[in-house]
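Residue numbers start from 1 in every chain, and the chains themselves are labelled A, B, ... in the order their sequence lines are given, proteins ahead of strands. Atom set for the values below is all heavy atoms of this structure, side chains included, hydrogens, waters and symmetry mates excluded.
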There are 2 protein chains.
Amino acid sequence: MRKAPAERRNEIVTTAARIGLTEGLECVTLRRVADELGVQSGLVGHYFPAADKLVAEAFTSATMAELDGLLPDPDPDPDSDPAPHPDPAPHPDPGPEGPAGSAATPGVGLRTLRRFFALSSSADFDDISKLWLNARHLSRYRPVLRDHVVEQELLWCRRIERIVAAGVEAGDFRCDDPWATAVRVLVAIDGTSAYINTSAEHRAGPIAHMVRTLAESELGLAPGALEPR
Amino acid sequence: MRKAPAERRNEIVTTAARIGLTEGLECVTLRRVADELGVQSGLVGHYFPAADKLVAEAFTSATMAELDGLLPDPDPDPDSDPAPHPDPAPHPDPGPEGPAGSAATPGVGLRTLRRFFALSSSADFDDISKLWLNARHLSRYRPVLRDHVVEQELLWCRRIERIVAAGVEAGDFRCDDPWATAVRVLVAIDGTSAYINTSAEHRAGPIAHMVRTLAESELGLAPGALEPR
DNA sequence: ACAGCTATTGGTCGCCTGGCCAATTACCTG
DNA sequence: CAGGTAATTGGCCAGGCGACCAATAGCTGT
């Protein structure tokens with residue numbers, strides 16, 4: 001029953017993240033998380049004297065996990081452990097190679113983006129879309145959550161920016177301003193997923209390839225270059 | 001004190017719409033609306049036995065009013081009163097005329113869209129952006145609201161579609177599929193306004209002209225053609 | 001002027017939330 | 001094995017919500 005504080009706290013945040021991802025951040029309450037863990041609500045309140053902080057950390061925990069699954073960092077910080085990054089494309093063929101880049105393997109950015117666009121337009125992404133919509137609205141009322149959302153927005157955007165920049169360096173992409181491109185790609189993604197709770201199905205047709213087309217245009221690629229292989 | 005049912009009901013919805021637009025739909029409660037009107041909460045409950053319906057009608061009332069202000073219908077239904085439509089562009093010059101269209105005045109679509117994009121990127125649009133974000137998230141939990149949101153989404157999209165179609169007929173635009181274009185323009189608008197509660201200011205630069213640029217590309221216009229004059 | 005209809009009042013109820021706190025109990029250390 | 005620390009319990013409180021209802025007050029038609 002009795003656990004080390006760090007372990008218990010981590011358990012609480014992970015459970016809260018799962019609830020927030022599947023049922024919505026409004027369902028992340030002290031009692032709800034406590035019930036899920038089979039403990040008393042006072043215990044959760046002990047670890048999170050302000051419930052807002054729990055909601056905010058639940059959001060961060062959920063999005064951080066998704067980010068690494070969707071967009072593996074092409075050149076992670078050396079001080080963080082380099083092992084647990086899954087290979088974005090486990091195919092044996094090295095793909096079309098540009099001039100040997102200094103840091104990134106040529107073609108890896110292309111494959112990462114292909115995989116990301118394929119995943120982000122699949123139904124598995126629905127919960128993530130709902131979570132972002134949820135968090136962006138709730139940030140109107142909860143400043144602590146707002147800070148976490150802003151941080152995650154910057155993190156996702158920088159991740160795309162780095163992939164684009166690495167691809168430019170490897171000769172896969174042509175792009176003057178990777179940051180601006182990353183921002184615009186995310187605008188397209190967030191725009192298409194805005195209807196996830198309402199009329200998503202009515203719009204599937206016209207927006208199916210919108211993100212991919214925009215990215216191909218921004219990166220100087222031929223139409224279809226980012227289609228899943 | 002005592003008022004005719006229709007008048008009272010209208011008063012309630014209007015007040016609820018104002019609260020929802022300025023403070024959020026979560027603040028549209030029986031007691032909050034009643035306080036605003038100086039009546040007892042039971043009275044509001046009498047007109048809206050289910051509070052969800054009040055929230056849904058508040059949203060519809062707020063968005064309907066905004067739609068007519070932002071995007072006047074180029075060719076309104078003849079059975080609705082034709083008078084109260086404000087002229088989208090009160091300038092005396094008729095603008096660059098294509099071949100005399102059958103229904104719409106040439107150039108009116110161009111001016112309407114210019115005005116719309118100018119307004120939708122101004123700070124006056126912030127409350128509307130917040131309201132849409134709010135409603136799209138809340139639709140996850142409130143089916144009655146969801147139905148109203150879907151209806152308004154279709155209404156806004158059809159309004160743009162008609163303006164585009166009228167502009168194509170007048171020779172102002174070139175567009176094969178006005179519906180798909182309307183969908184994509186709205187995706188861009190909703191994408192750019194997704195950050196209204198969070199990191200809107202960090203992104204202002206790269207997305208400033210994104211909607212306008214997309215629309216010009218979709219409509220076969222020269223870059224800058226939809227800039228405010 | 002009176003009677004009937006109904007808009008409106010002024011509560012109550014149950015439910016859920018976050019926050020708080022004293023008592024208890026489990027674990028670790030000396 | 002004893003003692004102390006802290007994780008955990010179990011319950012309380014105030015406040016907000018929707019829903020519900022009997023009583024009242026004001027308008028309207030006869």
Under 4.0 Å, counting only non-hydrogen atoms across every strand here, what does A/Ala50 touch: a base, just sugar-phosphate, or nothing? sugar-phosphate
Integer-rounded Å distance: D/dG18 P and B/Arg32 CZ: 12 Å
Please name the pair of heavy atoms, one in A/Tyr141 and one in B/Gly24, separated by the smallest distance, quoted to 0.1 Å. OH-CA, 3.0 Å
Closer to the 5' end of DNA chain C via nearest nucleotide, is it A/Phe48 or B/Ser41? B/Ser41
Please determine, for the side chain of A/Gln40, which listed nucleotide (D/dT5, C/dA7, D/dG10) has the closest atom? D/dG10
Does B/Phe117 have B/Arg212 sitting over its ring (NZ/CZ under 6.0 Å from centre, angle to axis within 45°)? no
So which nucleotide from D/dA7, C/dC5, D/dG18 ends up closest to the side chain of A/Leu43? D/dA7
Once you apply a heavy-atom cut-off of 4.0 Å, does B/Gly42 come out as touching a base, just sugar-phosphate, or nothing? base
Donor-acceptor pair, side chain of B/Arg146 and main chain of A/Asn197, under 3.5 angstrom: yes
Mind checking if B/Tyr47 touches a base, just sugar-phosphate, or nothing, with heavy atoms under 4.0 Å? sugar-phosphate
If you pin A/Lys3 and B/Arg142 to their nearest nucleotides in DNA chain D, which one's is more 5'? A/Lys3
From the list C/dT8, C/dT12, C/dG18, which nucleotide is the closest neighbour of the side chain of A/Arg31? C/dG18
May I ask you to verify if any side-chain N or O of B/His46 is less than 4.0 angstrom from the OP1 or OP2 atom of C/dT8? no
Looking only at N and O atoms, is any donor in the side chain of A/Arg2 or the base of D/dA6 less than 3.5 Å from an acceptor on the other one? yes
Side chain B/Asp52, main chain B/Arg142, donor-acceptor under 3.5 Å: no
